[in-house]
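Atom set for the values below is all heavy atoms of this structure, side chains included, hydrogens, waters and symmetry mates excluded.
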Amino acid sequence: MANMKDVAKRAGVSVATVSNVMSGKKYVSPELKRAVLESIDALQYRPSKIARSLKIRKSFLVGLLVPDITNPYFAEIARGVESIALEHDYQMFLCNSDGRSYREEETLISFLGHGVDGVINVAPRMDEELLADLSNGMPMVILDRHLKIENPLIDVVYTNNFKGSAQLARHLLDKGHKRFACISGPKDVPSAMRRLQGFCSELEKDGIKGENLKIYFGGFKYEDGFKIMKQFILKLKIRPTAVFAGNDMMAWGAIEAAKQNGLKIPEDIAIAGFDNVLYSSLVIPSMTTVDQPKFEAGRTAMKLLLEKITKKQHGEYVDTRKIELDSHLIVRESTQV
C-alpha cells in the first residue's frame, strides 16, 4: 500500500506539503495541490487512521450504549448520533445492554479498553456515583435520563417526560374517560417513572385515583404490553376505558391484545403510547402518542460529546451541561372517537 512518502515522491513535493493538502490547515498553491491530489488518486492512497490517532492522541472512535437495539426509539437516536459523528470523521461502536446495569458496567469498561474518545450512554440504569467513577476521565453524555450528577466530563440530555404524559392524560380526560390503566416501564428507569408521574398527577386534578386508576409495570417490550393487557386489564370486572402505555412498543402490544379480544379501538377502549416511533402511525388504528425529538436528541448528544473531547484535549474546564428537550402530544385514531 502506498504511503505519504510515495505520494510526495510522485508529486515532486515534500511530505509536509502532502500533509498540508490533506489537512487543509496551511495554504498550498493550486498547482502543487493539483499535483498532490493527482498523485493520491493515481496511487489510491488512503491515510492510516491508526497512525493519525497515535500522532494526535485521538482514536476518532465513540461508544454508544443503548438498552435495546431492537427498539426503533433507540435506532432513531443512533442515527442522530452517527449523522454528527460522520461529519467529524468519527466512527461509532454500538452496544446493547438489554437494560441490565451489570452489562452497562462491562460495556463502559470495554469502551475504555478500546480507547474511545468518549461515550454516549442512553437511559442507563446504573447508580449515578458508579457512572461517574466508570467515566474514569473519559468524556460522556448521558441521554434520556435526568441526573443530579455534577461532573465536568459528563453532560446530560433528556426529554420533558412529565409534560408529555400530562398532556396525554388531559386529552383523555377531555374525551370523557373516567377509568384508566397504565402499563408503565420498569420502576428503576427514571424516565419511565416521570411519564407515570406526569400522567397520574394530571388525573388526580380531576379526582381520578384508587379503583379508577390501575397501574402495572412492564419491560418496555411489545410482549409486556400484550401480556399485561390480555392477562390483567381485560380481565378486570370493571374494565378501564383508556390505557396509557409507557412506550409505543407496549402500546402496540396492548392494541393487538385488545383486537384479539374482539374490542374496537377507540370505541370500546382507547390506547395511547409514548415516543412516536415510525410504526406508531402505521399500526391499525394509528396510535396516539407523545413525540420526542429522538434524532435531534442523538445529534445534540454527539455535538456535546465532541465539545467535551476537544476541551479535554486542550486542558480546558467545562461545567456539566443539562439540556432539556421538549415533548408534545400527537393525537391519532387510537383515542379519537
Looking at [X], I'd like to know if its [atom1] atom is crowded, meaning that more than 12 non-hydrogen atoms belonging to other residues, nucleotides or ligands lie closer than 6.0 Å.
X    : atom1 : answer
K322 : NZ    : yes
H328 : NE2   : yes
K175 : NZ    : yes
I238 : CD1   : no
K311 : NZ    : no
E267 : CD    : yes

Please answer whether the main-chain N or O of [Y] pairs with a side-chain N or O of [X] as donor and acceptor at a distance below 3.5 Å.
X    : Y    : result
Y279 : M249 : yes
T17  : V13  : no
E104 : R125 : yes
S286 : V283 : no
R195 : G246 : yes

Quick test of your reading of the model: are [X] and [Y] salt-bridged, counting only N-O distances below 4.0 Å?
X    : Y    : value
D206 : R170 : yes
E256 : K259 : yes
D155 : K308 : yes
R321 : E307 : yes
E31  : R34  : no

Applying the 4.5 Å side-chain criterion to the ILVMFWY set and letting contacts propagate, would [X] and [Y] be lumped into a single cluster?
X    : Y    : answer
I255 : I284 : no
V81  : I69  : yes
I271 : F232 : yes

Any side-chain donor paired with an acceptor under 3.5 Å for [X] and [Y]?
X    : Y    : result
R332 : S280 : yes
Y73  : D68  : no
T320 : N151 : no
S83  : R299 : yes
S59  : D117 : yes
T159 : Q292 : yes
T288 : H171 : no

Quick one: pull up [atom1] in [X] and [atom2] in [Y] and give me the separation to the nearest 0.5 Å.
X    : Y    : atom1 : atom2 : value
M229 : L234 : CE    : CG    : 4.5 Å
K294 : L143 : NZ    : CG    : 12.0 Å
E105 : S110 : CD    : OG    : 12.5 Å
I330 : T289 : CD1   : OG1   : 7.0 Å
E223 : I228 : CD    : CD1   : 11.5 Å
S101 : M126 : OG    : CE    : 7.0 Å

Close side-chain approach of [X] to [Y], heavy-atom, < 4.5 Å:
X    : Y    : answer
I233 : P240 : yes
V36  : V28  : no
V156 : V141 : no
I120 : I77  : no
R179 : R239 : no
V62  : F93  : no
L306 : I84  : yes
Y158 : S191 : no

*May I ask you to decide if the ring planes of W252 and Y222 are parallel, tilted or perpendicular, using 30° and 60° as cut-offs?*
perpendicular
Using every non-hydrogen atom in the two residues, find where [X] and [Y] come nearest and quote the distance to one decimal.
X    : Y    : result
R145 : L131 : NH1-CD1, 4.4 Å
A8   : V15  : CB-N, 3.8 Å
T107 : C95  : CG2-CB, 3.6 Å
T335 : A272 : CG2-CB, 4.1 Å

*In the hydrophobic clustering that connects Ile, Leu, Val, Met, Phe, Trp and Tyr at side-chain heavy-atom distances below 4.5 Å, which members other than L173 occupy its cluster, ordered by chain and number?*
L168, L172, F180, M193, L196, F199, L203, I208, L213, I215, F217, F244, F274, V290, L329, V331
